[in-house]
Number of protein chains: 2
Amino acid sequence: MKNNLKVERAIHNLTQADLAERIGVSRQSINAMEKNKYVPSTVLALKIAKLFNKPVEDIFFLEETD
Amino acid sequence: MKNNLKVERAIHNLTQADLAERIGVSRQSINAMEKNKYVPSTVLALKIAKLFNKPVEDIFFLEETD
DNA sequence: TCTATATGTAAAGTTTGTTTTACATTTGAC
DNA sequence: GTCAAATGTAAAACAAACTTTACATATAGA
């Protein structure tokens, strides 16, 4: 799975730490997500999508290998 | 987080085992999801949403406590 | 150049997702 | 009422999410 987090953060002018705080996870978790080090839970995806006012599918994308 | 899985399965006439097979998890995982025993990964949410042709937000819902 | 802020990364630890096996209970068709 | 299919559940084991601490690198502004 890939994601758009970096772009969305840029649009909303948020640092990784800002975003982490907003959705209640550690900054390292946001960093790892952006670097595709792991797949977040659906709760996190929903929270992030809500914060950015976009559907989950506009931020997280399935890949062939998923 | 809550979800609509049971309803969506009914609409599409799928058993828990059917759904599990379609998205590549165990039947127990589907059962546990439906009973809100755990929060699935975003990859699973995306696969389920894709299968049912609906946005993730139409199937999985944040709650106050999330 | 010095400093502050943002990002990358790593290791260890805790919690939670997910599988496997196995069995009990429910439900519907016959 | 029987039988098969579907669902509920549980325990053990493993994999992955997520946290904390800590440090290194990059970047931009004074």
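Below, read A as the first sequence line, B as the second, and so on, with proteins coming before strands; counting in each chain starts at 1. The structure presented is a predicted model; accordingly, all values stated were derived computationally and were not measured.
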Taking the side chain of [X] as its heavy atoms from C-beta onward, which of [options] lies nearest to it?
| X | options | result |
| --- | --- | --- |
| K37(B) | dT9(D), dC23(D), dT19(D) | dT9(D) |
| P40(B) | dG8(C), dT7(D), dT18(C) | dT18(C) |
| T15(B) | dG8(D), dA6(D), dT7(C) | dA6(D) |

For the pair made of [atom1] in [X] and [atom2] in [N], what is the distance, rounded to whole Å?
| X | N | atom1 | atom2 | value |
| --- | --- | --- | --- | --- |
| K6(A) | dA6(C) | NZ | C1' | 11 Å |
| I30(B) | dT20(C) | CD1 | P | 14 Å |
| E21(A) | dT7(C) | CD | C1' | 17 Å |
| L44(B) | dG17(C) | CG | C1' | 9 Å |
| N36(A) | dT9(C) | CG | C1' | 15 Å |
| D66(A) | dT18(C) | CG | P | 13 Å |
| D18(B) | dT7(D) | CG | P | 8 Å |
| I48(A) | dA17(D) | CD1 | P | 14 Å |

Is there a side-chain polar atom (N or O) of N31(B) under 4.0 Å from OP1 or OP2 of dG8(D)? yes

Tell me if a side-chain donor or acceptor on N31(A) pairs with a main-chain N or O of Q28(A) at a distance below 3.5 Å. no

Would you mind reporting whether [Y] and [X] have side-chain heavy atoms less than 4.5 Å apart?
| X | Y | value |
| --- | --- | --- |
| T42(A) | V56(A) | no |
| L19(B) | F52(B) | yes |
| L51(A) | H12(A) | no |
| K47(B) | V25(B) | no |

Reading DNA chain D from 5' onward, which residue's closest nucleotide shows up sooner: R9(B) or S41(B)?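 Counting from the 5' end, the first nearest nucleotide belongs to R9(B).
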
Between R27(B) and M33(B), name the one whose nearest nucleotide on DNA chain C is closer to the 5' end.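 Checking each residue's closest nucleotide, the 5'-ward one belongs to M33(B).
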
Relative to the 5' end of DNA chain C, which residue comes earlier, Y38(B) or Q28(B), by the nucleotide with the nearest heavy atom? Y38(B)

Touch class at under 4.0 angstrom, heavy-atom based, for S26(A) against every strand present: base

Assign S29(B) to base, sugar-phosphate, or nothing according to its heavy-atom contacts below 4.0 angstrom with the strands shown. base

